[in-house]
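This report concerns only the one structure given below.
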2 protein chains.
Amino acid sequence: MTDALGSVSLEDVARRAGVSIMTVSRAFRRPDALSEDTLEKVLRAAEALGYLPNQIASGLRSKRSQTVACVIPTISSPVYANVVQGIADAISPEGYSLVLGTSNYAVDEERRVMMSLLAYRPEAVVLAGGDHRPELTRSLARLKAPLVELWELVPKPLDMNVGFSNHAAGAAIVDHLIRMGSRRIAFMTVKVEHARVRARRATYEAAVTKVLNHAPIVIATDLSIEGGRRGLRRLRDRHPDVDGLFCTSDSIAVGAMLKAMELGWSVPDELAIAGFGDLEIGRHVPPGMTTVRVPEYRVGQVAGEMIVGRLLGRPEGARTVDVGFEVVARGSSARAESKRVRRR
Amino acid sequence: MTDALGSVSLEDVARRAGVSIMTVSRAFRRPDALSEDTLEKVLRAAEALGYLPNQIASGLRSKRSQTVACVIPTISSPVYANVVQGIADAISPEGYSLVLGTSNYAVDEERRVMMSLLAYRPEAVVLAGGDHRPELTRSLARLKAPLVELWELVPKPLDMNVGFSNHAAGAAIVDHLIRMGSRRIAFMTVKVEHARVRARRATYEAAVTKVLNHAPIVIATDLSIEGGRRGLRRLRDRHPDVDGLFCTSDSIAVGAMLKAMELGWSVPDELAIAGFGDLEIGRHVPPGMTTVRVPEYRVGQVAGEMIVGRLLGRPEGARTVDVGFEVVARGSSARAESKRVRRR
DNA sequence: TCTCTACCTGTTATCGTTAACAGAGAGGAT
DNA sequence: ATCCTCTCTGTTAACGATAACAGGTAGAGA
């Protein structure tokens, strides 16, 4: 009883209960394979000794670690935090635990962290879709475990893929701004662009070039409200003629909007603004931020369900799931309407 | 080469390199114990076969799982997300990985999740300080592994403790509001209070009772901007005579401030407001939200460092670290002198 | 009474690694 | 030549659990 927690093994319990270790093992793994008497005897002994199953030993022998490895860019972002929560909630009832790593948006780090997590022999792997080091891609391809790429829908998934199309989302927003009357639209993005942001940007560039016949106007800034303010200051200095602005993030968009109003640049009358992500604040800063809403938690949840389904050998569903997105039109782009786009 | 990743063992590498298994093991664990020739031979064989060490087997034999278990209320909150990032960044360079669980603010769930993580025999444990199930406390007490309770400084830490005092923070804010001229202060909190919020509230109640001689005025609402708006509406209806408001969270505070202005209740002239957490938006919603800033990332980082220090047998420092907090005074509680109107 | 099946429990070998110790050579000191 | 130390590598026996199979017992049916 004064032993350290975890120092009690099946053998100790078996000795106390007067049964074999296999019987104790069964008491935990397949209780219905034991007679009632035996089961109770074993459980009482385990309880008395404070037995805690050793998942490491179990994992070694059974080759089932009961873990899912997950590498994302960062958890200090509501987006990935919600995604991770969704995964955890989906796998936890089935007895799986999450082993987490972060790459800080760097492909080298992603590879390093993922390889170190693979040493724990996870039964499934989750990572953000997009760019990976070729070595990592090769390693993952050799992996027999179910694998999900999240968030971004990629052209050639390694295995399973859950998320939405940044291309479609970018196109939808630019289209929305154009329909709301904008004729000269700028794009405000983060300094270090990753694949997901690049997709939104590429779509923007194509759209303004083809539809509005003007050269892309791109401002790079920090991913924060303050960054948005600074970005808008620059936009005003260099391109006072724009009448529409698409920001890769709501943080930036809110900052830009606050600064625009401070400068007397009226939103949405002279400048329509749209963001990305549907942060709560966007709803509350007058006149309300038009944005793209992606069901983050749902992305994680679906990923978790796909994994669990595979691991439990359930009949397989689609390997790629588009959770869609929603353009939420608010005051910052004038006409109030909300329409749903692409869902399958 | 077409084997599944992870199906290659030390034995396979040993055979190919023409050495014993132990030599291969040493090539990875203590490379300097091998001659240069042998080391290179082994590494080449490992590379060719795509060998990936099996941390599960290693952990079983060496009793060193190289993991740290962490259970927090939720990661869908910037607070804990930053804390977790801090932990991960501190332990990762030393080769430790994070196994994460969430309790959703429920002590039963906390216990359940923690016990299931303990089955992986983590070398250290991190959890949010405050209430725990007595059974969990007992289990943790028997644990020989280093343990850190974080965020809240608790009266009797189980082992190590990093965070700040919610009592002190609550007192500092009420004191600040009083010095800024408030004489009747309300408290807006979340519906489901956990220990940490209760501490801020208890301090508030003591302060207003003793210093301002009025009964506590407490409004419970949802933890969101929208919740803050609704809370303020109720406050206005029921206690239009208050001239100060302390909210347990910046989200609530921002919502309350926006709503107050909408209702023509001038901030800070007629109502001084203070929040908690220093969300970025608080800085940008005019006239700026007075708040308490806690170094979240630092809390996680210090926790990680304490753990690693212990595990690596470094001389032990303090077991309790108070990272402190900072009252950030902004426009929402600006000084009265010229502007503040004494009401009624 | 004997066989057969169903149910329950035990035995054996093994998962991949590392701790602990053993042994082989090389080189130095005596 | 002998012994000793040092460096390097190998052998053996676990770590704690489970897969696979073996055996024992009880009750049913012949």
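Lettering follows sequence order; numbering is per chain, from 1. As the structure is a computational prediction, the values presented were derived from the model and not from experiment.
Each of Ile21(B) and Arg121(B) was matched to the nucleotide of DNA chain D holding its nearest heavy atom; the match closer to the 5' end belongs to Ile21(B).
Atom CZ of Phe28(B) is separated from atom C1' of dA19(C) by 19 Å (rounded to the nearest Å). The interatomic distance linking Leu52(B) (CG) with dG16(C) (C1') rounds to 13 Å, in whole Å. With rounding to whole Å, Leu49(B) atom CG is found 15 Å from dG16(C) atom C1'. Rounded to whole angstrom, the span from the CZ atom of Arg29(A) across to the P atom of dC8(C) amounts to 20 Å. Note: CD (Glu11(A)) to P (dT18(D)) measures 14 Å, nearest angstrom. In this entry the distance linking CZ of Arg30(A) with P of dC7(C) reads 12 Å, nearest Å. In this structure, Glu40(A) places its CD atom 17 Å from C1' of dC8(C), rounding to the nearest Å. For the pair Asp32(B) CG and dC8(D) P, the interatomic distance rounds to 9 Å; values are reported in whole Å.
We find the CD1-CG distance between Ile72(B) and Leu150(B) to be 8.5 Å, quoted to the nearest 0.5 Å.
At a cut-off of 3.5 Å, with distance as the only test, a side-chain donor of Gln85(A) or Thr74(B) sits close to an acceptor on the other residue. One side chain, Thr38(B) or Ser35(B), offers a donor N or O that lies under 3.5 Å from an acceptor on the other.
Taking only side-chain nitrogens and oxygens, Tyr51(A) comes nearer than 4.0 Å to OP1 or OP2 of dA17(D). Between Ser35(B) and the phosphate of dT9(D), there is a side-chain N or O to OP1/OP2 separation shorter than 4.0 Å. For dT9(C), the OP1/OP2 oxygens have no side-chain nitrogen or oxygen of Ser20(A) closer than 4.0 Å. Taking side-chain N and O atoms only, Arg26(B) has no distance below 4.0 Å to OP1 or OP2 of dT18(C).
Against DNA chain C, the stretch residues 57-65 of chain A makes heavy-atom approaches under 4.0 Å through Leu60(A), Arg61(A), Lys63(A).
Nucleic acid contact class of Ile56(A) (heavy atoms, under 4.0 Å, all strands): none.
In this structure, Tyr120(B) has its ring center no closer than 6.0 Å to that of Tyr120(A).
Of the residues Leu136(A), Leu100(A), Val71(A), Asn104(A), the one that meets the side chain to side chain contact (heavy atoms under 4.5 Å, CB included) test with Val113(A) is Val71(A).
Residues Asn161(B) and Met306(B) come closest through the heavy atom pair O-CE, 4.5 Å.
The Asn54(A) side chain lies nearest to dG16(D) when the options are dG16(D), dT17(C), dT9(C).
Electrostatic pairing of Asp159(A) and Arg310(A) counts as a salt bridge here, judged by a charged N lying under 4.0 Å from a carboxylate O.
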